[in-house]
Amino acid sequence: MSFGHKHILGIEHLSREDIFQILDTAAGFKEINTRAIKKVPTLRGRTIINLFFEASTRTRTSFEIAGKRLSADTVNISASSSSVVKGETLEDTARNIEAMHPDIIVMRHGASGAPHYLAERLNCAIVNAGDGAHEHPSQALLDLFTIREKKGSLEGLKVAIVGDIAHSRVARSNLYALTRVGAEVRLAGPGTMVPPGIEKLGAEVHHDINDAIRDADVVMMLRIQLERQGKTLLPSLREFSRFYGLNQDNLKLARPDALVMHPGPMNRGVEIASSVADGPQNVILDQVENGVAVRMALLYLVAGGEAAEES
Amino acid sequence: MPEVTTVILNQAGINRALTRIAHEILEHNKGTEDLVLIGIRSGGDHLAGVLADRIAAIEGEKPPLGAIDITMYRDDLDSRGSLPLGRTEVPFDVDGRKIVLVDDVLYTGRTIRAAMDALIDLGRPRNIQLAVLIDRGHRELPIRPDYVGRNVPTSREEDVAVDFDAERHPCEVRLIKP
């Protein structure tokens, strides 16, 4: 069974079978991360460039560790240290990097569609590590992996995604991924933070957090992205926290064995109370741990995949 | 031209070969102390299970059983594409153990090389021995099995298939000529 995609640009392009192939591959890689010698020679001699135009510690480190555990040579380039600050265009930056013959470019960019733009112009595989408010496929896949690991399956689960839906690429990728594997998705946030018409993608939309998390199997909280919005969407953080924050009281509405997830970094006391973030239902560090295995799977699949056309 | 299939080992033949290999393993290792069996997925892991049962029936003690997937250690990712990854399950420490690596068919030796690399990444075994049901020749690496069920001279165009039943017991070995 060959993987039919040269690039991983978003969940939107992946079928249910693709998603399960990635999760099953990641399950095989997870075992390596608990060994004394955490390295296999699978991608020996391959070069992976992590091209991060936006600040990121967690995702960049996770991709870097994933590449290194597969024995690839990984190089990190961040916008602040690249010629972007000298006025170089994205395409020129990418062409210069391509001249060094990388096999895979893992890319984060503040503009939606930037990885797609490069995928059309460069020969190497592109993995989207987050583009604007569009998609963050590796995060959604590690979320699915974590849910499946804890719950046994994904089909029929009720998943509430709460917070700033409009600015969240995590929410968008998770919405595509969860609906594709048969989970029921409920989105909740203030009217200013839920894009109109998003229910057409298969989600229930709520403006009361309690309605979204009632009987939920999974409660996924999103970070309030203060850097992506003016003050017009929110009267105050305190008010948001009061109406949309997850705390021990409203968490009781969810199923007693509900998982609490957060893509990080958390604003403690804003979207999630510290007692919940540190409580027994949280799987936030499991998400981080599984992130490495899922990213190893993505790198492995795009490195070995035939040069199939991106659908 | 249609394929021609010849049965080269039936159920009884396989049973005799595995019983002999079990005796040889016990004799060579003087019992089961520090002995573990690790099968190569997929096929070798089923055979390792049968061999472990056979050893237990003879010696009264079943050696620990593991399975390794060697996909991550293959040297042909470029030509084969991304193969489905299986699970490596070795639920014991391999340091200081005498490992019998088990596979169904030995051919070029590249799978065994990959399996040895995989085992050495898990620890430092005292030694690694190799048991195979069928040795069909055509080695590309200096690898020689310690225990062989049957030597079957083949041409490179031919194929050897080991069939397993629903209980994952080997039931037939076939030579397929194109």
Side-chain angles (χ1 to χ4, degrees), chain A residues 1-8 17-18 20-48 66-72 103-104 124-125 127 145 149 292-308, chain B residues 36 38-46 48 64-97 99 101 108-126 128 140-141 143:
Chain A
M1 185 170 55
S2 191
F3 190 66
H5 300 269
K6 183 180 174 187
H7 311 289
I8 304 281
E17 289 69 33
D18 293 331
F20 280 113
Q21 186 182 0
I22 294 166
L23 300 187
D24 292 342
T25 305
F29 280 122
K30 187 170 177 182
E31 173 263 334
I32 296 166
N33 296 320
T34 57
R35 291 184 189 176
I37 302 169
K38 300 174 187 62
K39 209 172 180 74
V40 290
T42 317
L43 296 187
R44 195 173 48 197
R46 308 292 179 108
T47 304
I48 300 172
K68 287 190 161 142
R69 289 200 176 151
L70 293 170
S71 300
D103 298 285
I104 303 170
C124 62
V127 177
F145 186 91
E149 188 177 68
V292 175
V294 167
R295 289 173 176 124
M296 287 168 87
L298 293 178
L299 296 175
Y300 169 72
L301 290 169
V302 297
E306 302 296 314
Chain B
V36 299
I38 295 182
I40 300 174
R41 288 199 198 279
S42 63
D45 52 341
H46 307 333
L65 202 55
I68 52 167
D69 178 80
I70 55 115
T71 315
M72 287 179 256
Y73 291 84
R74 294 178 70 107
D75 55 10
D76 57 355
L77 183 65
D78 283 319
S79 56
R80 295 290 291 271
S82 50
L83 296 164
L85 205 65
R87 302 269 185 115
T88 291
E89 288 165 301
V90 180
F92 44 78
D93 197 355
V94 300
D95 285 359
R97 297 294 188 103
I99 296 178
L101 194 58
T108 60
R110 288 179 190 269
T111 299
I112 305 301
R113 187 223 39 103
M116 288 195 290
D117 282 352
L119 282 180
I120 285 160
D121 274 359
L122 295 177
R124 190 178 184 282
R126 190 192 308 175
I128 300 175
E140 293 170 5
L141 297 170
I143 283 170

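In what follows, every chain begins at residue 1, and chains take the letters A, B, ... in the order their sequences are listed.
Using a 4.5 Å cut-off between heavy atoms, A:L70 makes no contact with chain B at all. Looking at A:A27, the atoms closer than 4.5 Å to chain B (heavy atoms on both sides) sit in the backbone and in the side chain alike.
Side-chain contact check for A:R35 versus B:T88: some heavy-atom pair is nearer than 4.5 Å. When side chains are defined from C-beta on, A:F29 counts as touching B:M72, because their heavy atoms get closer than 4.5 Å. When side chains are defined from C-beta on, B:D121 does not count as touching A:K39, because their heavy atoms never get closer than 4.5 Å.
Note: A:E31 CD to B:L122 CG = 6.5 Å, rounded to the nearest 0.5 Å.
Within a 6.0 Å radius of CZ in B:R87, other residues, nucleotides and ligands contribute 12 heavy atoms or fewer.
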